[in-house]
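Structure, as structure tokens:
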Amino acid sequence: MAVQTVSGMNGMEVASKKTKKTSNNSSKEGGILQQNRQFLDFFWDIAKPDQNVRLAATENLIQYLKTSDKSDELKYTFKRLVDGLAATREPARPGFSLALAQVLQCFEEVPLSTVLEHINQKHSLRKGNKKLIRNAAFGNFFGVLALFQSGRLVKDPKVLLQCVQLLQSLAEYKEHLKDLPQKTLVDILSEIPESIFEEVLFEALQSDLQSAFTSPERLHLLFVGLQKFPKVLKHKKINKLLGTSSVVTQENIPKLVELLKIAAKSVIKEMRLPGVALDALKIALKEDAFELFWKEVVENGLARDDSRPCLYMCYRLLGAALPLLDKDQLQLILHSNVMLRYGEHVVFTQPADRFKFSPEMERYVDTFLESCDDSEKQMTVLIGFSSLTNQGCPVIPTTWKVIKHVKPDVLQKYINWLKDMFLQPDIESCLDFTTKRQKEKQEHPNMKSQFVFRLRKWIIPRLANIVDNFEVKKEESQVMDIARFILFHAFFDAKLPAIDIPEAETVVSVPLNDQSRSQVVNAFFSMLFNLNYLPLLGKDPVDMEKQRHVLGVTSDGILWIHWLVRYADQLLSHGKPVMAVKPFTEEQKGAWDRMLHDVEKLQKKSKKSNSMEYSAYQQLLLLIGIHLFKAPEESAELLNDVHSCLKKAKKKEEEPEWVEVMVEILLSLYSQPSKLFRMVSRNVFKKICPFLTKNALQLILDVFDPEAEQNEEGAIVVTDDKDQKKSSEDQEEESSSDEDSSEEDGDDDKESDNDELTVDEDLNEVFRKQLMEALQAGKSLGGEDSDEEVDDETMMALDENLSSLFAEHKKRIQAKKDEKAKIREEKILRKGFKIKVLDLIEVFVTKQPESPLVFSVIEPMISLIEQSMSSESTQQDQDFLRKTADIFMNGLCKSRRYCKDVSELKDDLHDMMERLLKRATKQKDSSVALYCFSASLYLFKVLKGNKTEQPQVEEKKSKKKISSAQTGVLDCLDLQRVTSLYQEALQGFMTKRNSPLTLAMFLDLFNRFPFICKPLLSIVLKAVKDGARQHQQAQACSLLQHALQNSCLKQTLSPSEWVDIVKEGVTQVTETLKMIDEIKVKVDQEKLIKCFELLCFLIKTITKQTLDIGLEELPAVLQTLIKKEGFGKSTRIEDLYWNVMTLLGFTRPKKAKKNPDQNVAPETNNVSQKKKGFLPETKKRKNRKKATPGNEQNPTDEEEKKETSEQPGVTKSKKKKNKKRARPTGGGKMEAPEHQAGTKSKKKNKKKRMSGQQEAEDKDNLKEAPVKKKAKPNSEGEGDLQNKRTKRKKK
């Protein structure tokens, strides 16, 4: 530090000799800084990269300057801020510029001219060095920017002119500043008034305006001037400047195109629209030359350039122009070539790794629709983008979110336009395009039918999305209109126009084919699912807020699905003009009429009782009823079954078989690929849960029984509508589990290779025999006749036989593969069906946890978990296992509600508990054993009952009545039998080497049921010493400690029993410690740690409770442990050991500190200084016959060690020097030890000379060193290099 201070002072003296003025200024500034260090910190914070820190520092600096009246601080502030404008760090420059602008704004007494002069002097572009010219350019630019941002530049025209001229001169440094000066100049022009521009700046900017077509920046300057100062830049002046009275002319088109291309490429990384392009569009509108500008500049100029920057500029111009144009101009750009190129871009960039412009275009349209109040313009833009089609399919998505900003009348017009396009597609009104790849393929020769099909495929989901999207401001009438339209064209057909039905007023020009009809059907059921969650429409916000929980009903309180069923019934009864696609038979029509009658009855009852039960039954009937149009035969049977179930449920028979029929109906609905079916079935099942019987529950459990699957195909048919999935992307999909199962086809394909091998092995033998027979029949094989020539007819016959044989063989192989694939697919569908049916189990367990039927679910669910753990682990299997385990643990075992009255089932429950515990002990996986053990604890809780606190209260009054109190509470629990079960399980856990049970299971048992600890402690105490392995002994110690720490256990024991248990624990641990011979492996350490932890607890308990237990034998046993092998390897063991010894009255000895003795320190230094390639002293030839390390050492070594111990800095430097090993000489052998010792002594002598040692000590050390031979130098002599280094360091 002293050297640095001296050098700093010397530097200041040299500076003072050069200039006296600077020294005076620096002394003043130094005085300022010495007075207030906080003032300097502001400038440090202004230069930091964090913007928030810079802004806070600027604000604090201004506040400080306002409160302080010192003029020298204000002068220093301006000087420091101006100096920082040319800082080398990029974040610092804008920080100082902003701070300077804020200070100038607050302190208007400081003239701008003074600040500008200071900027010119400090950052002079003429006097600056070439290396510093970049910083000087930035300093001038940010200085002008600060003056402009201060807001005072307009008030001082002289300084304004100087700033503009400075910005013009900075245009030469484009390689450093790019287009920043021109942008700042444009900003200045946009802020100044017209009078100042005409009087002050016009002459200065005249040259730039005349050369406007030379660069995009100057052209932008001209555009800003034309928009800002139209009275100054009139036609006459523009004619003088440019030679033409307007900018957008036929002559200037090529120049404009070239400049816009340059501007587009300049912002390719920023991905934005250049300001000059938008201003060019505005000038074209101002000069009434928009059509010329769009067609010649944009379409024929920029759009024809295939470069991406130019195309993206065209797209951005299209989006930015939407708010500026009228209706005719909007139609012009929306039907232009730019829209076609945009559509091609959307189609080409469908892969995820490509840049997509569609989100940015969506933002443009969204902003336009939100800010536009003209309904006609909104409608024009919606139709324009919806008419951009690729072979009939619009390029915008069906879930286009911009529609949320349109007005209600525009939304209705848009809905009508979509319906008209569906009924009578107008191909000519669409802006359709075909890609090159589509033209090459030409898959569909009939382009018109394909156009209509693709257009209708898009229109129906577009209409459904208007209903689904909650953000769209729609009325109830509009939702009804869309729902009626989709329902009509899904299930009905208008043969003739019908005036009384709006959907049948217009007949479809192109009839719907089967594929289009299936897409409409799927879209209808998808919309029906969303209608079930639709909030109320067409009411005041206050009323809607009150009734926000009411979903799926109209404003009249009618279910949406009920309203649609009424409309369908009206269509059925209409007559010949409207016919159903699939007409009903008499039986199906009867089922439909009964369904309507039942729904009316339920509706009347729901009005009286306001029960959700009737609403659930209504939804079930209506859903099955409307499903009649899709699957008439199945739905009619289901309706008849539901009708009979409702009749029997009303009569309330003693054996309600109707529940079983209803469960079968719900299971059949669960097999359908519809979320709406599953949702309604789940709601209905919630209502019938209280009436569920054992047989009905068994029907659900049979779904998971693998034997039932093998024995019979089952009444439940799992369906998978693949054709529907292929036909429409927006239809209802299978549940998430089904989607996951479809993704697993890739994993199943890997198994197909193995299947092919097995198929080939089965069919090869048969094929070989047939092939041999065919060849023998053609006499191509067999001894002597094989060499004879065969005529053509025989060869042709043989070829035909062989070809037919190979064809049959190929068919057999394909049939076998198809069968395997069908089995695999059926397996996936069944697994998905099981995942969906688990919802019913979850509903039953959570809604009816107090039902005795819950106990019949336990063992089947454990079997499911076992099967899933042992089966192949696909993603679908993992989902199934995860869901099953979650329902079992969280929904059943951890439920706070359970069956209270189990007096009739107690024997069965005890038997089940026994089976579960035996099942747990036989498991291979401890995770499965955990579920079995948790189920046994759940049964334990049920049998014990809910009176858990009574024994504790009675024990305080009379400890003698504890056992009688417990037996009174545990009336249904056979405690003796349960205790024997858990004793057997605990005995196996402590004695078997590989037990699936874990410590956590028994800890859970002890924590939840402490009264069972007493009969189990004897096994635990015995296992502390006699466990099967060290691991079991450690687990026994831990289990005993946790059991004794439980306060409830002590309340169940008498004082004498408590003392006996503690005494036995001490005895067992002592005997265990005696048996320890060595501590090598981790298991031994774990056992010792658990023993010490248990001892700590036992000794503390004895001391605190003053128990009469002797501990005389324990200290001697513990003291012998220190001598065991491997005791000191673990610090935790050592700490726990001394914790126990401290409790016994022993004091832990303090570790002796290492003293820097002369005899000890050299040895440690010598050991630490050993390096590879150096022989220790005892191994050297001359020291071999000397004494061992206990004898006297070599005097040379002793002195060297003393020196190193005296000099603390020598050891570190010596380690660095020793890294240079002695290199082998010509024979490849290492140099002699004497040479190494001599090299060491030389290095020591050098270090001593460097650290200020005397030369006499160096000579003495050199004399003590042994005689050595000089080492051969490498490419440079080592001695010469060392001499040179020492001379340099001396200098």
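Worth saying up front: this structure is predicted, and the values here are computed from it rather than measured. If you read the sequence from its start, that first residue is 1, and numbering goes on from there.
Of all heavy-atom pairs between S936 and L917, the closest is OG-CD2, 3.7 Å. When all heavy atoms of M861 and I841 are compared, the pair lying nearest together is SD-CG2, 4.0 Å. Scanning both residues, P849 and V854, for their nearest heavy atoms gives O-CG2, 3.9 Å. Annotation for I887 and L838: closest pair CD1-O, 3.6 Å, computed over non-hydrogen atoms.
Side chains of S863 and R919: a donor-acceptor N/O pair is present below 3.5 angstrom, by distance only. Counting only N and O atoms by type, the side chains of D901 and S903 include a donor and acceptor under 3.5 Å apart.
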Chi angles and distances behind the side-chain hydrogen bond (donor to acceptor under 3.5 Å, both in side chains) call for Q1033, K1087: CA-CA 7 Å; Q1033 296 173 7; K1087 173 186 172 181; 2.5 Å; yes

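Between P1015 and the choices T979, L975, V978, the side-chain contact (heavy atoms from CB on, under 4.5 Å) rule is met once, by T979.
Heavy-atom contacts from other residues, nucleotides or ligands closer than 6.0 Å to CD of E984 number 12 or fewer. Counting heavy-atom neighbours within 6.0 Å of K992 NZ, excluding the residue itself, gives a total of 12 or less. By the 6.0 Å contact criterion, NZ on K1022 is open, its count of non-hydrogen atoms from other residues, nucleotides or ligands being 12 or less. More than 12 heavy atoms of other residues, nucleotides or ligands lie within 6.0 Å of NZ in K883, so this atom counts as buried by the packing criterion.
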Show me the donor-acceptor pairs, under 3.5 Å and distance only, between side chains in residues 1002-1010 and residues at least two apart or in other chains.
unit_1, atom_1, unit_2, atom_2, d
N1007, ND2, L1003, O, 3.0

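The residues D1084 and K1124 are annotated as not salt-bridged, no charged nitrogen and carboxylate oxygen being separated by less than 4.0 angstrom.
Judged by distance alone, the side chain of H910 and the main-chain N or O of R977 form no donor-acceptor pair under 3.5 Å.
Using bins of under 30°, 30° to 60° and over 60° for the plane-to-plane angle, the ring pair Y938/F855 lands in the tilted bin.
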